[in-house]
Engineer: 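Starting off with a structure, shown below.
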Amino acid sequence: MDSYQSAKEEIKRAVDIVELIGQFVQLKKTGQNYAGLCPFHSEKDPSFTVSPAKQIFHCFGCKKGGDLFAFWMAYHQVAFPQAVRDLAETYHIALPDILRLGPVDKARVSLKESILVVNEMAARFFHDTLGRSERGEPGRRYLERRSIPKEIIGEFSLGYAADEWEGLAGFLKRKKADPEKAVQAGLIISRKNGTHYDRFRGRVIFPIFNLRKQVVGFGGRVLDNSLPKYLNTPETPAFQKGETLYGLHASYPHIRESGRVIIVEGYMDLLALAAHGFHQAVATLGTALTKSHIRSLKGYAKDAVVVFDSDAAGKAAALRSLALFLDEGMAARVMVLPQNEDPDSFINKHGLHAFEDLLDQAVPMFDFYMDQKRSEAGGGIEGRVGVLNEMIPFLADLRNDVQRSLYARRVSEGLGISEGVVVAELKKRMAAPSWRGDPEVLKRSISDGAARRMDNLYLLNLMIHHPRTVERLSKNDSRLLLSDPLTTEIFDCAVETYHAGGEVTPAEILDRLAGEPAKGLLREVMLAPPIFSDDLVDKALSDFEDKVETLKLAASHQEARAKGDFESLNKVLQVKKKREALESKQTNGFRRKHNGK
């Protein structure tokens with residue numbers, strides 16, 4: 001067993017997959033398994049299943065699944081060797097020194113780790129400049145003026161980039177850091193003469209952390225009214241704005257506990273809330289909310305409250321996010337702030353209790369959207385028709401019929417338009433040529449229905465839930481009954497596993513399978529209940545053997561007819577008649593027994 005396999009098995013013994021995934025996905029116990037909303041695709045009804053007994057997860061919607069390593073790799077977008085190291089570090093498991101990465105993974109991991117290292121050096125430099133250097137005085141005065149206490153400065157590692165061209169560049173050079181890695185991290189910029197200068201100058205610095213509390217990037221704010229007001233690290237292998245939320249590393253335990261997340265626009269909004277003891281907020285990074293943002297938050301919260309500025313731009317941002325929340329099936333409300341206020345200014349003026357009171361008055365985002373559109377359009381007939389035309393696409397895109405019906409009623413009541421008219425317009429939209437079902441889902445449904453006939457399903461279920469049957473199934477040519485290539489792939493792998501070691505387990509088959517589609521099918525069978533109870537296994541095996549014999553007879557019959565071999569054909573027909581007579585006798589006996597005759 002190689003070192004990776006040894007480390008993998010030790011980590012699997014130490015880590016419970018439900019506990020691990022439960023840190024990132026809200027799971028609810030359903031029978032022997034746990035279910036939740038999939039973090040890898042949009043869905044409103046839970047199809048993401050975790051089995052503690054089998055230590056696997058599987059999404060019946062997007063088909064992604066596997067063991068705890070597969071989850072870590074997909075959720076954190078890292079390769080397997082990195083997942084092993086991450087989990088070993090998280091759960092304090094010692095790894096052999098001889099573990100090595102392949103060349104491609106090594107290059108990718110090495111670059112990302114180098115960026116994280118240089119980011120950490122830069123974060124310490126900025127933080128020390130703010131707290132210990134005379135050059136940090138402007139930053140200290142600014143944060144004091146904005147009522148950010150030392151405790152928050154320390155908790156979020158805030159810093160300051162002095163207004164000089166080579167402050168950080170010079171520091172990194174003295175520390176013998178690779179300047180090319182600092183360039184790739186977006187911290188310094190190359191000059192034509194080969195020297196470098198700082199990207200962040202004269203700005204308060206906000207380090208941006210991932211959930212592992214590693215610095216993935218930075219935001220910087222000017223101290224005056226110059227532009228750009230905010231400057232972020234460019235996209236790097238360690239940092240993607242559309243997938244990162246500021247403050248989530250500190251807030252997610254509080255969000256999980258309350259089941260609610262507050263989404264604000266800026267760094268200072270979040271820090272002001274934290275300074276007043278409110279720790280359920282995250283901030284976007286100068287960009288609009290994305291599906292990735294909302295999908296990650298679904299793992300911690302059932303309810304989101306969007307708090308944007310009260311100006312037109314803030315309201316527009318809130319309106320644009322409605323479709324995203326509907327697509328992701330996450331309940332969302334909008335907190336309306338007084339004119340010319342943002343969360344930072346409001347909580348500093350009025351305090352935490354006033355902010356929480358306003359939070360309790362947050363309105364459902366759908367209602368907020370409709371009210372805003374109605375206000376813009378006016379109360380006339382044309383205005384109401386215009387609003388209805390804007391609402392219909394949202395309703396049509398909802399995949400839950402009950403949800404669609406309830407929202408249609410809300411639109412009817414809000415616009416003063418007959419519910420029948422709203423439903424009629426909705427039906428027109430959904431029946432229009434532009435409306436299509438998902439072609440991939442349709443193709444998969446059709447192919448699944450054609451390929452996975454009952455023999456495939458029953459035989460695979462029998463083999464996986466009763467692994468002792470693999471030997472007999474392989475010897476009696478049961479493979480002849482299979483028409484689905486994925487089932488055949490699993491069957492062949494099970495037989496190879498049996499011949500290699502004598503014992504077969506579903507987990508071992510899963511490890512040996514090469515193709516992800518076959519792995520996905522196997523996970524679904526593993527998570528499904530057994531079709532045959534223990535006392536019916538032998539009967540099921542006999543039935544499969546009878547079907548194989550019938551199949552062979554049919555093939556012999558066809559071959560004899562094709563060759564014109566009437567002697568062989570006659571023998572086949574005699575055997576076939578005997579089998580049919582025996583089956584008829586058994587059926588009649590079964591009927592008499594159960595009819596009491």
Engineer: Determine yes or no for a side-chain-to-main-chain donor-acceptor pair under 3.5 angstrom, with D198 supplying the side chain and A169 the backbone.
Structural biologist: yes
Engineer: Mind checking the CG-NZ spacing from L172 to K181? Nearest 0.5 Å is all I need.
Structural biologist: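 L172 CG to K181 NZ: 13.0 Å, rounded to 0.5 Å.
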Engineer: Could you give the distance from CG (L359) to NE2 (H353), rounded to the nearest 0.5 Å?
Structural biologist: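 So the gap between those two atoms works out to 13.5 Å.
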Engineer: My understanding is that only residues two or more places apart in sequence, or in another chain, count here; which of them pass ring-ring contact (aromatic ring centres under 6.0 Å, His included) with F57?
Structural biologist: F48, F71
Engineer: Check the pair F325 / L289 against side-chain contact (heavy atoms from CB on, under 4.5 Å), numbers first and verdict last.
Structural biologist: CA-CA 10 Å; F325 281 106; L289 273 171; 4.0 Å; yes
Engineer: N119 and Q214: side-chain donor and acceptor closer than 3.5 Å?
Structural biologist: no
Engineer: Within the distance-only criterion (no hydrogens, no angle test), does the side chain of N210 pair as donor or acceptor with the backbone N or O of H249 below 3.5 angstrom?
Structural biologist: no
Engineer: Is it the case that more than 12 heavy atoms not belonging to E257 sit under 6.0 Å from its CD atom?
Structural biologist: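 It does not: E257 CD has 12 such atoms or fewer within range.
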Engineer: Can you tell if the side chain of K8 reaches within under 4.5 Å of the side chain of D67, non-hydrogen atoms only?
Structural biologist: yes
Engineer: Using the ring pair (Phe, Tyr, Trp, His ring centres under 6.0 Å) rule, take F126 and F218 through it: C-alpha gap first, then chi angles, then the decisive distance, then the call.
Structural biologist: CA-CA 10 Å; F126 291 137; F218 297 89; 5.7 Å; yes
Engineer: For E144, is there an ion pair with K150 - N to carboxylate O distance below 4.0 angstrom?
Structural biologist: no
Engineer: Looking at Y230, does the NZ or CZ of R221 lie under 6.0 angstrom from its six-membered ring centre and within 45 degrees of the ring axis?
Structural biologist: yes
Engineer: Does the H58 side chain pair with the main chain of R523, one donor and one acceptor, at a distance under 3.5 Å?
Structural biologist: no
Engineer: Should we say atom NZ of K112 is surrounded by more than 12 heavy atoms from elsewhere, each under 6.0 Å from it?
Structural biologist: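 Buried by this count: over 12 neighbours within 6.0 Å.
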Engineer: Any idea how F355 and F346 line up, ring-wise: parallel (<30°), tilted (30 to 60°), or perpendicular (>60°)?
Structural biologist: tilted
Engineer: Using a strict 4.0 Å threshold on nitrogen-to-oxygen distance, state whether E166 and K173 make a salt bridge.
Structural biologist: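 Judged by the 4.0 Å cut-off on N to carboxylate O distance, E166 and K173 do not form a salt bridge.
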Engineer: Check whether S251 reaches the backbone of A281 with its side chain - one donor and one acceptor, N or O, closer than 3.5 Å.
Structural biologist: yes
Engineer: Is any side-chain N of the basic residue among R140 and E137 closer than 4.0 Å to the acidic one's carboxylate O?
Structural biologist: yes
Engineer: Go through it in stages, so that I can follow the logic: the residues are E243 and K291, the test is salt bridge (Lys or Arg N to Asp or Glu O under 4.0 Å), and I'd like the CA-CA distance, side-chain angles, deciding distance and then a yes or no.
Structural biologist: CA-CA 8 Å; E243 298 178 1; K291 282 190 175 185; over 6 Å; no
Engineer: Checking Y252 against V261 for the side-chain contact (heavy atoms from CB on, under 4.5 Å) test, could you report, in this order, the C-alpha distance in whole Å, the side-chain angles of both residues, the deciding distance, and whether it holds?
Structural biologist: CA-CA 9 Å; Y252 84 88; V261 59; over 6 Å; no
Engineer: Any side-chain to backbone donor/acceptor pair from Q240 onto T244? Under 3.5 Å, distance only.
Structural biologist: no
Engineer: Is E516 salt-bridged to K63, going by a charged N under 4.0 Å from an acidic O?
Structural biologist: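 No, E516 and K63 are not salt-bridged.
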Engineer: Where do F206 and V204 land on the side-chain contact (heavy atoms from CB on, under 4.5 Å) test, with the steps shown first?
Structural biologist: CA-CA 7 Å; F206 308 91; V204 170; 3.8 Å; yes
Engineer: Between Y160 and Y142, does a side-chain contact (heavy atoms from CB on, under 4.5 Å) hold up when you go through it step by step?
Structural biologist: CA-CA 10 Å; Y160 181 67; Y142 175 82; over 6 Å; no
Engineer: Using the side chain to side chain donor-acceptor pair (under 3.5 Å) criterion, which residues pair with Q23? Sequence neighbours excluded.
Structural biologist: E19, Y91
Engineer: Which heavy atom of I148 sits nearest to which heavy atom of L158, and what is that distance?
Structural biologist: CG2-CD1, 4.1 Å
Engineer: How long is the gap from OH on Y267 to CD1 on I205, to the nearest 0.5 Å?
Structural biologist: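 Nearest 0.5 Å value for the OH-CD1 distance: 9.5 Å.
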Engineer: Please answer whether the main-chain N or O of P364 pairs with a side-chain N or O of R333 as donor and acceptor at a distance below 3.5 Å.
Structural biologist: no
Engineer: Backbone N or O of F278 within a donor-acceptor pair of the H254 side chain at under 3.5 Å?
Structural biologist: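 No; zero donor-acceptor contacts below 3.5 Å.
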Engineer: Does H76 reach the main-chain N or O of A83 with its side chain, forming a donor-acceptor pair under 3.5 Å?
Structural biologist: no
Engineer: Checking the side chain of R256 only, and the main-chain atoms of Q26 only, is there a donor and an acceptor separated by less than 3.5 Å?
Structural biologist: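 Looks like no, no N/O pair under 3.5 Å.
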Engineer: Can you name the nearest heavy-atom pair linking V305 to A362, along with the distance?
Structural biologist: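 For V305 and A362, the tightest heavy-atom pair comes out as CG1-CB, 4.0 Å.
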Engineer: Under a 4.0 Å N-O cut-off, is there an ion pair linking E164 with R135?
Structural biologist: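 The answer is yes: the pair qualifies as a salt bridge.
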Engineer: If only atom types and distance count, is the side chain of T195 paired as donor or acceptor with the main-chain N or O of R191 below 3.5 Å?
Structural biologist: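 Checking the backbone N and O of R191 against the side chain of T195, no donor-acceptor pair under 3.5 Å is found.
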